[in-house]
Each structure stands twice: as C-alpha cells, then as structure tokens.
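Both backbone and side-chain heavy atoms feed into the values below; hydrogens, waters and symmetry mates do not. Ligands are counted one by one from 1 in listed order, and the atoms in each one are counted from 1 as well.
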Amino acid sequence: MLYSLTSTVALVLTAATITGAQNTSSTNATTTTSTASGPPAQVSPAWLSSVTPLSGNVKAYPEGGNGTLPTGPLASLTFDYSGYPEGWKSPSATSAEVLAAVNAIDWSAVPNSAVRKADSKGDLTMTGYDSEKDPDCWWSASGCVKSKNPLIPADAAACPQVGDWGLTYDDGPLTADAGTYAEPHLYDFLAEHNQKAGLFYIGSNVIAAPAAAQRALADGHTLCVHTWSHPAMTSLSNNNVVAELYWTLKAIKEVTGVTSKCWRPPYGDVDDRVRAIAWQMGLTTVLWDLDTDDWNMPGDGGGNLSPETVDGYFESWISNRKNGTDKTGHIVLQHELNNSTVLMAEKWLPQVKEAFNVVPWNQCFNISTPYWETNFVYPVSNGSVPVVATASSAIPVSTAAVTSSSPSPVAKPSASDNTNANAVLSPAESAASPRMSVSSPVAMFLGMIAIAAYAV
Ligand SMILES: *[C@@H]1O[C@H](CO)[C@@H](O)[C@H](O)[C@H]1NC(C)=O
Ligand SMILES: *[C@@H]1O[C@H](CO)[C@@H](O)[C@H](O)[C@H]1NC(C)=O
Ligand SMILES: *[C@@H]1O[C@H](CO)[C@@H](O)[C@H](O)[C@H]1NC(C)=O
Ligand SMILES: *[C@@H]1O[C@H](CO)[C@@H](O)[C@H](O)[C@H]1NC(C)=O
Ligand SMILES: *[C@@H]1O[C@H](CO)[C@@H](O)[C@H](O)[C@H]1NC(C)=O
Ligand SMILES: *[C@@H]1O[C@H](CO)[C@@H](O)[C@H](O)[C@H]1NC(C)=O
Ligand SMILES: *[C@@H]1O[C@H](CO)[C@@H](O)[C@H](O)[C@H]1NC(C)=O
Ligand SMILES: CC(=O)N[C@H]1CO[C@H](CO)[C@@H](O)[C@@H]1O
Ligand SMILES: [Zn+2]
C-alpha cells in the first residue's frame with residue numbers, strides 16, 4: 001500500500017523541500033522531483049561495512065539487573081588505533097574514508113546554510129547575526145529543537161512523559177588520566193544502582209579507553225556519538241561535519257560492535273544543515289532541557305562554578321517534582337568528565353531516583369533499537385523489552401524495511417511496530433514530531449525512508 005503512494009509522496013516532498021531546504025537549486029521544483037528517486041534516505045552506513053569489531057563484546061542487550069552486570073576492574077585491552085586521526089584534533093576532511101561518507105550523502109537534501117562564525121578558539125561568535133532573518137532552526141541562537149525542514153524529525157530534547165528523567169552523561173568514556181575516577185567508577189556505581197544511562201561518546205576517548213566503552217555496552221547503557229574533537233559543529237564546513245561524525249561512528253563500531261543511530265552536538269550547537277547531514281549518516285539529534293552545568297565546576301577543562309550552585313539545581317528540580325510544580329518530562333545533561341562531575345552524579349542519583357522515573361533518554365521515547373544492529377533491543381517506556389524481528393530472521397532485502405522500522409531512530413519501535421510497516425505512522429511518531437500528523441503524507445514519506453536497503 002505504501003508503494004502505491006509513491007507519486008503522492010513525491011509531490012508533497014517537492015513542497016516540503018521548498019520550505020525546508022535553503023539550497024537554492026533545491027528550491028527549484030524541477031530539481032526536487034528527482035527526490036522521487038532519492039529522498040534523504042537514512043540507511044545503515046555502507047561506508048562502515050568493512051569495519052571488523054574487536055572481540056569481547058556482548059551481542060545483545062544484557063538481561064538482568066543489580067548484581068548480574070559486570071563490575072570491577074576493566075579487562076585489559078589494547079587497541080591499534082593507527083589509521084585513526086589524532087585525538088581531539090579536527091580530522092582531515094579529505095581522506096578517502098571521509099570522502100566515501102561524503103559521497104553517500106544526497107547533498108540536494110542538505111540546506112545550503114551559511115557556515116556559522118567562530119573565533120580563533122573555535123567558540124561561536126554571534127556578531128552580526130540576525131535571528132529574525134535566519135531561515136534555520138539553530139539551537140545555539142534560539143534553543144530551537146524542531147528542524148524547519150519537515151523531512152527531518154524534531155530533536156529528542158525532553159522525555160514526553162511527566163516525571164520521566166532521561167539520564168545522559170556526555171564526553172566519555174572517561175579515560176585513565178582521570179585517576180581513580182576513570183571508568184569504570186561511574187559505570188560500577190550505575191550497575192550497583194541498577195541504573196542504565198545514555199552515554200554520548202567522544203571518538204577520541206573511545207579509542208583511548210576501549211575497555212570502558214565495551215563495559216558500558218555490556219552494562220546496558222545506550223551509546224551515541226558526540227563527535228571526534230568536540231567542536232561547535234555549525235562552524236564547520238559540510239565535509240568537516242562528516243569527518244567528526246564518521247570517525248566517532250567508526251571508533252564506536254570497531255571497539256564495541258554497534259553502529260549508533262543517535263548523536264548529541266557538543267554545546268547543543270546544531271542547525272538544519274548539520275541536522276540534515278547527521279540524519280543522512282543515520283543519526284537522530286538528541287539535546288536536553290535541563291542542564292546541570294556540572295562541566296563548569298572546577299576541574300580540568302572546567303570552570304569555576306561552585307558545586308553548591310549545581311547542588312541547588314538538583315534540589316529545585318527534585319522539590320518542583322515533589323510538590324507538583326514540574327509538569328513535564330526531561331532530558332538532563334550531565335558529564336563523565338572528571339572527578340568533580342562523577343562525584344556530583346553519584347551524589348545525586350539516589351535522590352533523583354526517589355523523585356523521578358530515571359531512564360536512559362531513548363527509553364522514554366520508546367526507542368528500543370538505538371543501533372543499526374537490531375540484535376540489541378532495549379526496554380521501552382513501560383520497562384518491557386519488545387520482541388523485534390532480527391536480521392537473522394532472513395527477511396529478503398526487498399521487504400526488509402517492512403520488518404525493520406528501525407531506520408527511523410525517532411520512530412518508537414514497539415513489539416508491533418517492528419513487524420509493521422506502519423511503525424513510523426504511529427501516534428508516537430507524531431508526538432515527537434508535531435509537524436507530522438499521523439495521516440500526513442510527510443509521515444508516510446518517512447515510512448518510505450524505511451524502505452531503504454538494510455546493510456548492517
Ligand atoms: C529550474 O527549473 C527550470 C525549468 O523550470 C530549469 O530550466 C532550471 O535549470 C532549473 N534550475 C535549477 C537550478 O535546477
Ligand atoms: C546544493 O544542491 C546542489 C544540487 O543538488 C548540490 O550540488 C550542492 O552540493 C548543494 N550545496 C550544498 C552546500 O549542499
Ligand atoms: C545492588 O547491589 C548492591 C551490592 O550487592 C547493593 O549495595 C545495592 O543496594 C543494590 N541496589 C539495588 C537498587 O538493589
Ligand atoms: C515547589 O518547590 C519549589 C522549589 O523549592 C518552590 O520554588 C515552589 O514555590 C514550590 N511550589 C509549591 C506549589 O509549593
Ligand atoms: C579531584 O581531584 C583533585 C586531585 O586530583 C582534587 O584536588 C580535587 O579536590 C578533587 N575534586 C573533588 C570534587 O573531589
Ligand atoms: C509495554 O509496551 C509495549 C508496547 O510499547 C507492549 O507491547 C507491551 O505489552 C507492554 N508491556 C507491559 C508489561 O505493559
Ligand atoms: C511509549 O509506549 C507507551 C506504551 O507502552 C505509550 O503509552 C507511550 O505514549 C509511548 N511514548 C512515546 C514517546 O511514544
Ligand atoms: C580528567 C579530568 O578532567 N580530571 C580533572 C577533574 O577535575 C579535577 C579537579 O577537581 C582535576 O584535578 C582533574 O585533572
Ligand atoms: Zn560534550
């Protein structure tokens with residue numbers, strides 16, 4: 001049935017692209033009819049298909065809870081990272097590997113927005129910026145979390161359900177230079193409290209602390225991309241955006257065996273150009289609505305925010321929840337960055353859990369398959385793990401998308417979703433992407449995206 005809608009979808013797409021894309025040639029209706037053959041498909045990255053993951057990884061989401069997950073010293077693991085770019089430096093945008101990823105992108109579906117200005121230290125500068133005239137949804141300027149390009153779903157910025165606390169820690173895995181606070185300090189603490197989290201990994205750190213990344217996967221945390229060198233992404237050229245995402249995706253896949261379908265922009269810095277590139281690399285954008293500012297406490301790479309101020313944020317979030325003032329769900333930004341942030345995280349988690357339903361961010365969105373490898377199936381919001389048809393169930397490629405709705409990370413796969421072509425048309429999808437009503441042809445277009453080839 002979806003197939004017969006192809007031409008309608010293409011027509012609507014044309015209109016959609018006109019409002020969404022800033023690329024002048026894309027605004028030409030003649031040009032956009034070509035999208036009938038090439039929408040901005042979101043597919044498992046073929047440019048990572050030759051990566052052979054290290055051994056020693058779990059092959060599925062770990063069942064079991066407190067006391068059954070691995071804790072204690074990390075396995076010793078040496079990783080040959082020759083071939084990777086220098087850590088914490090902007091990777092080359094012209095290497096053959098990066099260009100393969102660049103060439104896989106349909107650039108006509110990427111807005112031709114201006115690269116944002118940054119100073120010599122890489123910090124964004126707003127001089128001369130006029131938000132009124134900006135056709136983009138640029139978080140750094142306005143806090144905007146809904147792409148103005150209707151082809152790209154809204155960011156995951158806050159859990160939709162009141163009382164949910166989407167737990168996230170950025171900038172890990174925390175490497176050995178953090179001394180006794182290096183991982184698995186926080187991961188052991190989480191395991192002992194039977195708590196899963198969303199972890200946004202820096203590629204440079206993953207190759208420096210591969211055993212910590214493997215532990216995180218084994219403990220049931222959700223691994224997402226947080227770039228290679230932590231830049232303000234909107235200040236980078238298209239190819240440099242690709243390079244930052246490419247190397248981090250590769251590092252996570254080579255070390256842990258999973259290919260993330262989620263990323264968080266450093267500093268939240270994302271606009272419609274960067275979102276569209278990330279989307280075509282298979283990544284949905286995850287932000288936050290509550291910021292602990294923990295990184296800014298004294299510490300290496302930190303600032304001089306007093307820990308008491310951070311305590312105060314937690315105190316008021318908890319009391320607002322307890323006295324009924326808080327009427328929304330949240331995604332909360334914390335860091336596994338240094339001893340200060342790790343201690344702060346461990347100090348507050350038990351109290352947060354008394355007031356909130358604390359889950360990794362993906363769980364409150366019912367995103368049970370956060371990787372292209374669908375053998376990893378995470379719990380949905382009611383805590384149950386859906387039954388998902390796996391790649392090994394030998395579904396012919398031509399119909400694979402019908403079983404695997406997982407290509408859309410903001411779709412909310414559930415038991416039925418994953419065996420049902422209508423998955424992305426579910427009310428859940430429209431809840432996260434208000435522009436897309438259940439019956440809207442654009443939502444159906446997203447269904448079409450799911451028909452893209454499946455190549456893990
Ligand atoms: C726009 O469409 C016209 C035909 O309607 C065509 O002549 C022109 O080359 C197109 N421009 C671009 C940039 O595709
Ligand atoms: C704009 O679209 C044209 C035609 O599809 C494409 O060749 C070009 O690379 C795009 N520009 C950018 C900056 O994406
Ligand atoms: C998990 O187990 C540890 C050690 O056995 C114990 O200290 C802790 O209280 C337990 N936590 C929960 C949530 O059951
Ligand atoms: C709830 O707690 C917060 C923080 O302590 C306070 O500012 C607010 O006034 C309280 N609201 C109610 C209705 O008690
Ligand atoms: C973190 O460790 C440093 C020394 O490595 C110490 O001076 C500092 O007090 C520690 N911070 C906290 C919050 O424990
Ligand atoms: C949890 O939700 C899923 C759909 O999201 C449903 O299939 C399942 O039956 C639910 N489980 C429980 C225990 O309610
Ligand atoms: C997740 O699934 C449950 C059913 O298990 C549903 O009630 C809830 O609305 C869904 N949440 C989202 C964000 O779609
Ligand atoms: C890894 C890291 O950044 N460690 C720093 C955390 O903060 C402390 C001070 O509280 C520094 O001494 C560490 O170097
Ligand atoms: Zn960060």
Side-chain angles (χ1 to χ4, degrees), residues 88 122-124 139-140 160-161 164 168-175 198-206 223-233 244-245 248 262-270 285-288 290-297 299-303 311-328 331-338 341 345 351 355 357 359 362-369 377-389 405-406 411-420 422-424 426-429 431-432:
W88 287 90
D123 296 332
L124 292 171
W139 188 90
S140 306
Q161 204 144 326
D164 278 359
T168 68
Y169 298 105
D170 284 15
D171 295 1
L174 184 42
T175 55
L199 304 177
F200 292 85
Y201 271 176
I202 293 174
S204 305
N205 284 358
V206 171
L223 311 188
C224 304
V225 166
H226 192 48
T227 77
W228 180 260
S229 70
H230 211 269
M233 292 290 271
E244 288 281 345
L245 300 175
T248 309
C262 40
W263 83 295
R264 176 177 275 166
Y267 321 107
D269 182 41
V270 66
T285 301
V286 183
L287 292 169
W288 61 84
L290 295 182
D291 187 350
T292 61
D293 246 354
D294 60 348
W295 64 271
N296 202 13
M297 293 186 293
D300 201 21
D311 287 337
Y313 297 149
F314 280 98
E315 281 158 11
S316 66
W317 294 332
I318 289 171
S319 61
N320 286 344
R321 169 74 191 135
K322 284 186 170 164
N323 71 15
T325 309
D326 182 9
K327 299 197 185 330
T328 61
I331 291 179
V332 186
L333 175 61
Q334 296 181 256
H335 291 83
E336 49 166 323
L337 181 64
N338 62 26
T341 63
Q351 294 169 72
N357 176 40
V359 293
N362 57 298
Q363 184 168 338
C364 68
F365 284 92
N366 294 332
I367 296 174
S368 61
T369 50
V377 186
Y378 284 62
V380 290
S381 69
N382 64 12
S384 72
V385 179
V387 179
V388 176
S405 64
S406 50
K412 320 303 178 294
S414 67
S416 57
D417 287 345
N418 282 281
T419 50
N420 182 337
N422 288 329
V424 288
S426 70
E429 170 66 12

**Q** Looking only at atom types and distance, does a side-chain atom of Tyr267 sit under 3.5 Å from a main-chain N or O of Pro231, one as donor and one as acceptor?
**A**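 It does not hold such a pair.
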**Q** About how many Å separate CG of Asp311 and CG of Asp294, when rounded to the nearest 0.5 Å?
**A** 11.5 Å
**Q** Do Val225 and Phe200 touch side chain to side chain, with heavy atoms closer than 4.5 Å?
**A** no
**Q** Please produce the table of protein N or O atoms sitting under 3.5 Å from N or O atoms belonging to ligand 4, one pair a line, distance to 0.1 Å.
**A**
residue: ligand 4; atom: 2 (O); partner: Asn323; partner atom: ND2; Å: 2.4
residue: ligand 4; atom: 5 (O); partner: Ser319; partner atom: OG; Å: 3.0
residue: ligand 4; atom: 11 (N); partner: Asn323; partner atom: ND2; Å: 2.9
residue: ligand 4; atom: 11 (N); partner: Thr325; partner atom: OG1; Å: 3.2
residue: ligand 4; atom: 14 (O); partner: Asn323; partner atom: ND2; Å: 3.1

**Q** Answer whether the closest heavy-atom distance between the side chains of Ser368 and Val385 falls below 4.5 Å.
**A**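 Side chain of Ser368 against side chain of Val385, heavy atoms only: no contact under 4.5 Å found.
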**Q** Does any part of the side chain of Arg264, heavy atoms only, come nearer than 4.5 Å to the side chain of Leu333, both counted from C-beta?
**A** yes
**Q** Side-chain contact test, heavy atoms from C-beta onward, threshold under 4.5 Å: evaluate it for Ile331 versus Phe365 and give yes or no.
**A** yes
**Q** Sort by chain and number the protein N/O/S atoms found under 2.8 Å from the Zn ion (ligand 9).
**A** Asp171 OD1, His226 NE2, His230 NE2
**Q** Using 0.5 Å steps for rounding, measure from the CG atom of Asn338 to the CH2 atom of Trp295.
**A** 11.5 Å
**Q** Do Asp291 and Tyr313 have side chains that get closer than 4.5 Å, going by heavy atoms?
**A** no
**Q** Is any side-chain heavy atom of Thr341 closer than 4.5 Å to one of Met297?
**A**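 They are in contact (side-chain heavy atoms under 4.5 Å apart), so the answer is yes.
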